[in-house]
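Every chain is numbered from 1 and lettered A, B, ... according to where its sequence line falls, protein lines coming before strand lines. Quick note: numbers below take in every heavy atom, side chains included, and nothing from hydrogens, waters or symmetry partners.
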Amino acid sequence: MVIMTEQTASQVSWPFREAQRVAERLQAKAKKSALFETGYGPSGLPHIGTFGEVARTSWVRRAFTELTGLPSRLLAFSDDMDGLRKVPDNVPNRDMLKEFIGRPLTRVPDPFGTHESFGAHNNARLRAFLDAFGFDYEFASSSDYYAAGKFDAALRHVLARHEEIVQIIRPTLGPERRASYSPILPLHPRTGVVMQVPIEQVDVEHGTVTWTDPDSGVRFETAVTGGAAKLQWKADWAMRWAALDVDYEMSGKDLIDSVKLSSAIVQALGAEPPVCLTYELFLDEHGQKISKSKGNGLSVEQWLTYAPPESLAQFMYHAPQRAKRLFFDVIPRAADEYIANVAALAGSDDPHANPAWHIHGGVMPEQAGSPIGFGMLLNLASVINADSAAMLWGFIRAYMPDASPESSPLLARLVEYAVAYNRDFVAPKKHFRPASALERDALRDLAASLRDGVDSYPGEGLAERLQNLVYAVGKRHAFTPLKAWFDCLYQVLLGQTEGPRFGGFIALYGVARTVELIEGALARGDMAAA
RNA sequence: GAGCCUGUAGCUCAGUGGUAGAGCAUUCGACUUUUAAUCGAAUGGCCGUGGGUUCGACCCCCACCGGGCUCACCA
């Protein structure tokens with residue numbers, strides 16, 4: 001076991017602090033490898049919190065490797081043996097599902113018809129989601145583990161400590177549940193439903209429980225092993241910790257009580273709970289809780305439409321134990337923080353303290369950074385009304401001749417995101433004011449002049465000749481001051497009060513398209529007048 | 001009822017014992033045949049309140065006030 005030096009012990013980065021706790025746990029148990037776990041409930045399709053949990057756990061795992069050099073695994077554990085509690089409203093074939101309420105998800109037909117069970121379908125979605133980010137993990141199915149007998153020894157142990165476990169959980173329950181509670185949930189031998197019934201008899205020697213079907217009155221003796229029964233949630237978690245010897249698991253603060261109780265149960269089983277971290281939940285823009293029905297959350301898909309995955313990781317990295325508002329405006333900031341961290345990493349004497357190091361698993365890609373910040377890029381996209389990456393690149397090169405997609409792959413991606421951001425959030429809010437009579441004449445003149453060509457105008461490049469053309473048109477009409485002519489162009493054509501040098505804009509936007517832009521604005525004016 | 005987070009510039013937020021920070025906003029300036037992504041500068045804080053620890057507290061401890069969330073059925 002590697003003992004931390006003073007330098008590493010003073011790490012200010014939380015993944016290393018967590019990794020240190022894991023290292024101490026292993027040292028105490030004389031273990032030679034670490035097991036990290038993340039869990040998924042049956043109701044959950046993967047969402048932004050799923051990403052956060054797996055990313056954060058992966059960072060702790062990576063830090064653990066750095067710290068100790070010991071091997072480790074990350075188990076993504078799906079609670080797919082849980083009973084279907086209610087029919088989700090976002091799936092097809094809901095009537096069909098009604099008949100399977102209460103049965104383990106892996107024994108409910110897939111309403112989408114693409115997998116052998118609903119559980120398998122959700123598992124596939126989860127794996128595809130995790131794979132899309134390139135997470136290194138092993139998938140585990142609760143149903144498989146139960147059926148394969150991987151929990152059998154632990155389940156018998158639970159049976160032996162049945163009363164003790166009941167005593168731990170019972171005080172936390174309401175009067176109704178208190179009467180019937182058992183950590184053992186036998187599967188009904190005929191219907192397959194996960195039964196929440198009083199356990200009348202516990203036979204430790206044979207590994208069975210006896211219970212009565214409330215509907216038929218028939219008594220059953222069911223084995224707790226081999227997938228004939230499963231455990232109630234908190235006991236299930238504890239049993240899994242014990243059976244697999246899980247070393248690390250983080251969870252949201254909504255599970256604080258569960259962590260407490262499961263830890264008590266695992267100790268009743270004679271084992272030690274893993275190192276646990278409780279993270280804060282996300283709030284919306286107004287500090288309110290995020291609920292799917294209100295739709296005030298921000299989805300992974302939304303985030304990744306407007307900024308790179310690294311920025312989402314950056315957001316998740318910072319202070320997991322503090323409540324953060326998760327809404328649209330945090331995206332550009334997260335992207336810029338990431339870019340700044342990449343830049344800072346180059347000359348850093350303590351890379352472990354830098355989020356970018358963690359985000360990239362300690363191996364930075366070539367040319368990871370961007371010479372231009374995302375905020376600036378968004379601003380630029382807005383100012384020039386960029387509707388294509390090529391147009392944005394044109395202006396970037398004017399500012400930074402050496403920049404190219406090849407020399408800065410991140411910038412190339414950011415450009416695409418900035419165009420999307422402008423398209424969806426900036427462009428729709430533009431206010432195009434109608435042109436006055438004077439301005440209409442001048443705009444017609446401008447369109448006609450553009451059609452005639454720029455060859456007669458002075459200047460070295462196309463942009464400069466176009467600029468002189470625009471200027472000449474303005475002078476032919478009675479604008480006072482001439483600035484009013486340019487104000488007209490921005491306000492009438494681009495829907496904003498300020499804008500780029502217009503010749504450069506036309507050169508990049510295209511002469512023909514600019515003419516269309518002018519004709520469109522004039523047509524809008526006609527409609528308003530009519 | 002139990003627990004967790006939070007209060008720092010106008011706004012959004014960094015900052016865990018050693019001279020209060022960033023972005024945005026505001027104002028001024030530079031560049032500009034009108035402008036502009038840009039660059040420079042300025043303005044702006046009893047760090048929620050009151051105690052305590054310390055040579056020294058935004059930071060650690062206690063109390064209070066304000067804002068918010070979670071759990072008490074299931075997972």
Side-chain angles (χ1 to χ4, degrees), chain A residues 10 12 39-44 79 81-86 102 105 142 171-178 181 185 194 196 230-237 251-262 278-291 318-325 327 329-330 332-334 336-337 340 372-386 392 394-400 418 458-459 464 467-468 470-475 479-491 494 496-505:
Chain A
S10 67
V12 288
Y40 311 91
S43 59
D79 280 321
M81 196 160 164
D82 288 24
L84 176 68
R85 276 194 297 128
K86 60 172 190 178
L105 287 162
S142 183
T172 70
L173 299 173
E176 205 168 311
R177 293 284 169 201
R178 198 171 299 179
Y181 181 82
L185 310 177
V194 180
Q196 296 198 13
K230 75 177 296 291
L231 297 190
Q232 181 270 344
W233 150 245
K234 293 178 184 99
D236 203 28
W237 208 11
S251 52
K253 83 165 178 184
D254 52 327
L255 295 185
I256 287 177
D257 288 339
S258 296
V259 169
K260 207 176 290 178
L261 291 168
S262 293
T278 298
Y279 55 82
E280 265 284 350
L281 273 22
F282 298 113
L283 306 173
D284 78 355
E285 183 171 7
H286 307 290
Q288 302 296 307
K289 71 168 177 180
I290 288 174
S291 74
H318 183 259
Q321 289 171 297
R322 285 171 79 158
K324 286 200 292 284
R325 296 194 225 175
F327 63 107
D329 301 19
V330 306
R333 182 191 179 125
D336 275 331
E337 278 176 359
I372 303 178
F374 194 49
M376 192 190 294
L377 216 47
L378 291 178
N379 204 357
L380 179 59
S382 167
V383 165
I384 68 171
N385 225 351
L392 201 42
F395 278 87
I396 291 168
R397 286 210 185 83
Y399 173 74
M400 201 174 262
E464 203 176 325
Q467 178 73 9
N468 283 316
V470 174
Y471 196 71
V473 171
K475 278 192 159 174
F479 287 101
T480 49
L482 189 60
K483 184 180 187 300
W485 166 232
F486 291 94
D487 288 344
C488 156
L489 294 175
Y490 300 133
Q491 291 166 17
L494 299 183
Q496 55 202 31
T497 56
E498 296 168 334
R501 184 186 290 267
F502 216 75
F505 172 83

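Note that CG of A:D336 and CG of A:L377 are 9.0 Å apart. Values are rounded to the nearest 0.5 Å. Rounding to the nearest 0.5 Å gives a distance of 8.0 Å between CH2 of A:W233 and CG of A:D236. One distance of note links CG of A:D487 with CG of A:L482; it measures 10.0 Å at 0.5 Å rounding. If you take OG on A:S251 and CH2 on A:W237, they are separated by 4.0 Å, rounding to the nearest 0.5 Å.
Here B:C47 sits opposite no nucleotide as a Watson-Crick or G-U wobble pair (both hydrogen-bonding atom distances under 3.5 Å). Under the Watson-Crick or G-U wobble criterion, with both distances below 3.5 Å, B:G23 is paired with B:C11. Using Watson-Crick or G-U wobble geometry with both donor-acceptor distances under 3.5 Å, B:G3 finds its partner in B:C69. As the counterpart of B:G17, no nucleotide is assigned, since no Watson-Crick or G-U wobble pattern has both distances under 3.5 Å. Using Watson-Crick or G-U wobble geometry with both donor-acceptor distances under 3.5 Å, B:C60 finds its partner in B:G52. Shown here, B:U38 forms a base pair with B:A30; the pair counts as Watson-Crick or G-U wobble because both key distances fall under 3.5 Å.
Using a 4.0 Å heavy-atom distance criterion, A:L489 is classed as making no nucleic acid contact. Across all strands, A:L482 comes closer than 4.0 Å to no nucleic acid atom at all (heavy-atom distances). Across all strands shown, A:G499 has heavy atoms under 4.0 Å from base atoms, whether or not it also approaches the sugar-phosphate. If you check every strand for non-hydrogen atoms under 4.0 Å, A:W485 touches nothing.
Comparing B:G44 with B:U8, their C1' atoms sit 13 Å apart, to the nearest whole Å.
Heavy-atom distances to RNA chain B give each of A:F486 and A:I396 a nearest nucleotide, and the one nearer the 5′ end belongs to A:F486. Looking at which nucleotide of RNA chain B each of A:R333 and A:F395 is closest to, the 5′-most match is held by A:R333.
Partners of A:F479 according to the ring-ring contact (aromatic ring centres under 6.0 Å, His included) rule, which considers only residues two or more places apart in sequence or in another chain, are A:W485.
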For nucleotides 27-29 of chain B, tabulate all protein N/O to nucleotide N/O atom pairs closer than 3.5 Å, reporting atom names and distance.
none

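No donor-acceptor pair under 3.5 Å is formed between the side chain of A:E280 and the backbone N or O of A:R322. With hydrogens and angles disregarded, no donor-acceptor distance shorter than 3.5 Å links the side chain of A:R325 to the backbone of A:L283.
To the nearest angstrom, P of B:C73 lies 15 Å from CG of A:D254. One can place NZ of A:K86 at 17 Å from P of B:C73, the figure rounded to the nearest angstrom. Counting to the nearest Å, the P atom of B:G1 and the CG atom of A:L173 are 22 Å from each other. Separating the CD atom of A:E337 from the C1' atom of B:U12 is a distance of 11 Å, rounded to the nearest angstrom. For the pair A:Q496 CD and B:A37 C1', the interatomic distance rounds to 12 Å; values are reported in whole Å.
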Reading nucleotides 3-9 of chain B from 5' to 3' and marking B where a protein heavy atom lies under 4.0 Å of the base, S where only the sugar-phosphate is that close, and - otherwise, the string is BBSSS--
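When the nucleotides B:A75, B:A37, B:U34 are ranked by their closest atom to the side chain of A:Y490, B:U34 comes out on top.
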Take A:T172 and A:D257 through the side-chain contact (heavy atoms from CB on, under 4.5 Å) test and state the conclusion after the steps.
CA-CA 9 Å; A:T172 70; A:D257 288 339; over 6 Å; no
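Residue side chain A:Q467 reaches the base of B:U34 through a donor-acceptor N/O pair under 3.5 Å, judged by distance alone.
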